[in-house]
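For reference, the structure discussed in these notes is given below.
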Amino acid sequence: MDNGKSPASVQSSKSPVYSFVAPSRSVKRPRPVKSCLECRKRKLKCDRISPCSQCQKTQRTCRYAAEGEVVSLSDGSDADTPERTVKRNRAAKNRESGSQHDADYAAVLEDHAARLERLERQLPASISPITESNGAAAQRPATSSITIRGLTVKGGLRTRFFGQSSTRVLVNLFDEAKDFMFSRNKSSDIREMFMNIQRIHRALQDEHRKATAPITVFVDSMTPIQKRMADVLPSKAVCDTFLNVYLNGSETIYRVLHIPTFMRQYNQYWEGQPQPDAFLPQLLSIMCVGYRFLGAGKGQYHDREGIHIPTASSLVRAWLDGLRGKQLVEFSTLQAEILQLMAQRMVNPQNQESWTHLGLIVRMAMTMGLHRDPSEFAQKISPFWAEQRRKLWYTILELDVHMSMQCNLPCCIREGDFTCQPPRNINDEDINPGTEQLPPSKPIDQHTDSRIQVFAASTLSMRFKVVDLINRTDSLQDYQQVLELGNELERVFEDVRYMIPPVHLSDMKEVRRRWVTKVVLDMHCRRPLLALYRPFALSSSDVPQQIVTGYLRSSMILLSYLDELDPASPDYHHTWHMHQLVLKQEILQAAFSLCYYMKQATNGTVSPAPSDLDSGVKSESAEESCTVASESSILLSLPRLKTIVQKVLENLLRRIREIGTDLRDIISLTVVFNTCQGGTPEQKRDAIKRGIQAIVDAGLQAIHANQENIASMPIIPAPIPGQLNAMQNNAGFITPMQPFMATPDTACPAPDDLALWDMEFWNPLLQPGGP
């Protein structure tokens, strides 16, 4: 601040550092100081009011110098400290002694050394550790990359990325199970079992390849595409059943159709009236989804009472690929693209391929302007079509969030990329193309055709944040974002319970409808919560107990959806099949997660008090966190965890012949489960042997073989020794020939790739024992 002297003279009087720089500089009278002390100290522009705007923004105390008050020019000045006073006195004596220049130079060095020492003392205090809301020091989240992601590299050029929900990544959490599977010291009886399983695996893959191949007489025919699509349709009675299954099972959260309009076209088609070109492609895709939902094995094989999904899907794809020009921006074309994606996933459930295909659909929708709210073009778009555009856009958003989480890849759409508002909670029959004004939205607790989609749209913002966060876990500084987002998702489950309270009903059809609604609403936020907690809950680092317990509880709830239904009810088998089909990947991940908790809780020796369960304070170790979680309720007890995983294995064996069921997943889960239950090495080996034998028995039944004739089945040749060594060495995130954990999912591998594809998993299992 100003004290009646020039800046140069002030500085020269406070420190000798500038005394020899400009001693003859002219002195000018400074302007009176009008800025506040904080703005002057930080060299900010002050508006000279009290308090000034700069201090208001930063919530600092705004103070002006009193008249005659002497202050320093900068916040770095330490003119009032005793050290500076000593140095000035010492410097003055040195100047008086006659060696002014040398003394001044020494004083400068001492002054700088003193400043540096003070800064070093202040630095640790200024860099305070990250703290949680309760004041406890927070640890930077640390997860091992090999347990949350993987990359397969073949020939240095072919690569494929795997996310945290892939079995190839999950199995890296269990070192003992990996050592058993890929150890060379296997006994002859276990190696023989693995050889039989490998033969069964190859037989099932050959069967799946044939089942997923389209019928060439329809695909390669020169007949017009519309005629070929009509030829593969089953009878009207069968189509009625498939359509009803689709409407009740898929047209809930994924709204593609205006049901009254489509039903009118559907009835007119069977009456022989001509329909738009897009109608048959849409109908074929709907038939594929409905038939696949109907039961196990449906749509895989050609039969007169169904539809061959690979053939129908290929015909729809051929029709879409033949469109040109204006046809590509038709609303009905976009509907057909989305339905074809759903149909293709029925026989080729490869998430990465679907994620790539969806990227094209997103950009197609954006070129049609669906990402902008129709109200921006009110004069050009009628209320009816505006609402249909909103429904279809939010269907695309739902698919984008879901598939991005499945692949552990970023969303194609970000939260700020669109202005389209959610659809209204109304029934389809409430509006038609002649509607001039949309009816008001009904309360969310009132059932409508759009209720599930409307409720899901209200949580999209949270789910977008989850996808963003799990793709940048390495940059997180603490658990605050994870905990806050987890709390928001947990509150959604309370809303679901409020919307659909438990009631006792005698009408089984209504019971099933309410169950489907509840599960779909719960599942659309249960998946993101599991994806959010997964990198931290299944890690060796200590995490807040909320994450550990929340992840275990959500895994158990997802695996217990069917417990609310009566197995003796007429539609139970159909519901069970849909549950296994839609949640296959989540069920497998949850089962591996329960095994991880079993392993940690079995190894843990200390059990903290239950009162610590819901606190955000970390436990002493990951083992203790898992112990606390498993002891928090009967639902999460260790005996129940074992029962649930055993049930998952039994269900996988029941579906061993289904497309999408991989024997490698079943083997891995079997070995992991039996190594996580505890016991001596001999007990674990015997348990694993019983589990592998169960897989052999189920596989032989699936391929209609027995122990005698399976020995004549072909087996892949032994690998080159150098290849085997490369496979057995675990290189972490990038593995040139990593066994099984880095094997790509390929529904229909090319013949020349099949041997290598199988060899990466099977050959390490089939190696003879060491000397």
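Note that this is a predicted model, so its numbers are computed, not measured.
Figure legend: Arg228 and Phe218 shown without cation-pi pairing, the cationic atom not lying both under 6.0 angstrom from the six-membered ring centre and within 45 degrees of its axis. Annotation: cation-pi pair Arg526/Phe493 present, NZ/CZ under 6.0 Å from the ring centroid and within 45° of its normal.
Neither side chain, Gln340 nor Ser285, offers a donor N or O lying under 3.5 Å from an acceptor on the other. Judged by distance alone, the side chains of His577 and Arg655 do bring a donor and an acceptor atom under 3.5 Å apart. Using modelled atom types, one finds a donor on one side chain and an acceptor on the other under 3.5 Å when comparing Thr395 with Gln453. Residues Thr167 and Arg664 have side chains that never bring a donor and an acceptor to within less than 3.5 angstrom of each other. Between the side chains of His447 and Arg514, no donor-acceptor pair is found at a separation under 3.5 Å. Using modelled atom types and a 3.5 Å distance limit, the side chains of Ser221 and Thr223 yield a donor-acceptor pair. No hydrogens or angles considered: a donor-acceptor pair under 3.5 Å links the side chains of Arg527 and His402.
Taking Thr216 as the reference, Asp220 meet the side-chain contact (heavy atoms from CB on, under 4.5 Å) condition, with sequence neighbours excluded. Applying the side chain to side chain donor-acceptor pair (under 3.5 Å) test to His258 and every residue at least two apart in sequence or in another chain returns Thr261. Scored by the side chain to side chain donor-acceptor pair (under 3.5 Å) test, Arg264 finds no partners at all (sequence neighbours excluded). Partners of Pro433 under the side-chain contact (heavy atoms from CB on, under 4.5 Å) rule, at least two apart in sequence or in another chain, are Phe384. Every residue meeting the side-chain contact (heavy atoms from CB on, under 4.5 Å) condition with Thr333, not counting sequence neighbours, appears here in chain and number order: Leu320, Leu323, Glu330, Met364. Remark: Arg390 engages Asp373, Glu387 in a salt bridge (charged side-chain N to carboxylate O under 4.0 Å, His left out) (not counting sequence neighbours). The side-chain contact (heavy atoms from CB on, under 4.5 Å) test applied to Ser441 returns Arg424, Asn425, not counting sequence neighbours. Residues forming a side chain to side chain donor-acceptor pair (under 3.5 Å) with Gln226 (at least two apart in sequence, or on another chain): none. Under the side chain to side chain donor-acceptor pair (under 3.5 Å) criterion, Ser354 pairs with Arg345, not counting sequence neighbours.
Between the Asn427 side chain and the Asp449 main chain, a donor and an acceptor come within less than 3.5 Å of each other. With hydrogens and angles disregarded, a donor-acceptor distance shorter than 3.5 Å links the side chain of Ser458 to the backbone of Phe455. Side-chain atoms of Arg463 do not come within 3.5 Å of backbone N or O of Cys525 as any donor-acceptor pair. Checked by atom type and distance alone, the side chain of Asn244 never pairs as donor or acceptor with a backbone atom of Asp240 at under 3.5 Å. For Ser313 (side chain) and Ile309 (main-chain N/O), no donor-acceptor pair under 3.5 Å exists by modelled atom type. Side chain of Trp515 to main chain of Tyr561: a donor-acceptor pair is present (N/O by atom type, distance under 3.5 Å, no hydrogens or angles). When atom types are taken as modelled, the side chain of Thr435 and the backbone of Leu438 share no donor-acceptor pair closer than 3.5 angstrom. With Ser404 contributing its side chain and Asp400 its backbone, the two residues share a donor-acceptor pair below 3.5 Å.
For the pair Glu564 and Val511, the minimum side-chain heavy-atom distance is 4.5 Å or more. Glu586 has its side chain within reach of Gln406: a pair of non-hydrogen atoms, C-beta onward, lies under 4.5 Å apart. Residues Cys420 and Leu370 have side chains not in contact (no heavy-atom distance under 4.5 Å, counting atoms from C-beta outward). Proximity of Gln282 to Leu257: side-chain heavy atoms (C-beta onward) are separated by under 4.5 Å at one or more points. You'll find the side chain of Phe242 stays beyond 4.5 Å of the side chain of Val289, heavy atoms only. With contacts defined as side-chain heavy-atom distances shorter than 4.5 Å, the pair Met229/Lys227 does not qualify. Counting heavy atoms from C-beta on, the side chains of His579 and Ile587 come closer than 4.5 Å. Between Phe293 and Asn248 the shortest side-chain heavy-atom distance does not fall below 4.5 Å.
The line from CG of Asp522 to CG of Leu558 is 8.0 Å long, rounded to the nearest 0.5 Å.
Using cut-offs of 30° and 60° for the angle between ring planes, the Tyr266 and Trp270 rings count as perpendicular. In this pair, Trp393 and His371 present their aromatic rings tilted. The plane angle is within the 30 to 60° band.
Residue pairs meeting the side-chain hydrogen bond (donor to acceptor under 3.5 Å, both in side chains) criterion with at least one member in residues 643-654: none, sequence neighbours excluded. The ring-ring contact (aromatic ring centres under 6.0 Å, His included) pairs that include a residue from residues 321-360 are Phe331-Trp385, where partners are two or more places apart or lie in different chains. Identified under the salt bridge (charged side-chain N to carboxylate O under 4.0 Å, His left out) test for residues 308-321, with sequence neighbours left out: Arg317-Asp321, Arg317-Glu337.
Checked for salt-bridge contact, Glu510 and Arg513 meet the test: a charged N lies under 4.0 Å from a carboxylate O. Using a 4.0 Å cut-off between charged nitrogen and carboxylate oxygen, Lys210 and Asp206 do not count as a salt-bridge pair. Under a 4.0 Å N-O distance rule, the pair Arg255/Asp428 qualifies as a salt bridge.
Nearest heavy atom pair, residue Thr212 against residue Val347, reads CG2-O, 3.9 Å. Across all their heavy atoms, Lys391 and Ser450 have their closest contact at CE-OG, 3.6 Å. Taking every heavy atom of both residues into account, Gly163 and Asn408 meet most closely at CA-CB, 3.5 Å. Shown here for Glu251 and Ile259, the closest heavy-atom pair between the two residues is CG-CD1, 4.2 Å.
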Side chain to side chain contact (heavy atoms under 4.5 Å, CB included) assessment of Leu460 paired with Glu398: CA-CA 8 Å; Leu460 264 175; Glu398 288 291 339; 4.1 Å; yes
Verify side chain to side chain contact (heavy atoms under 4.5 Å, CB included) between Cys412 and Arg363, making sure each step is shown before the conclusion. CA-CA 9 Å; Cys412 302; Arg363 282 150 182 80; 4.2 Å; yes
So Gln580 and Thr661, side chain to side chain contact (heavy atoms under 4.5 Å, CB included) or not? Walk me through it. CA-CA 10 Å; Gln580 299 293 323; Thr661 299; over 6 Å; no
Under the side chain to side chain contact (heavy atoms under 4.5 Å, CB included) rule, what do His308 and Val232 come out as? Steps first, then yes or no, please. CA-CA 8 Å; His308 191 237; Val232 300; over 6 Å; no
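In this structure, Tyr269 has its ring center closer than 6.0 angstrom to the ring center of Phe279.
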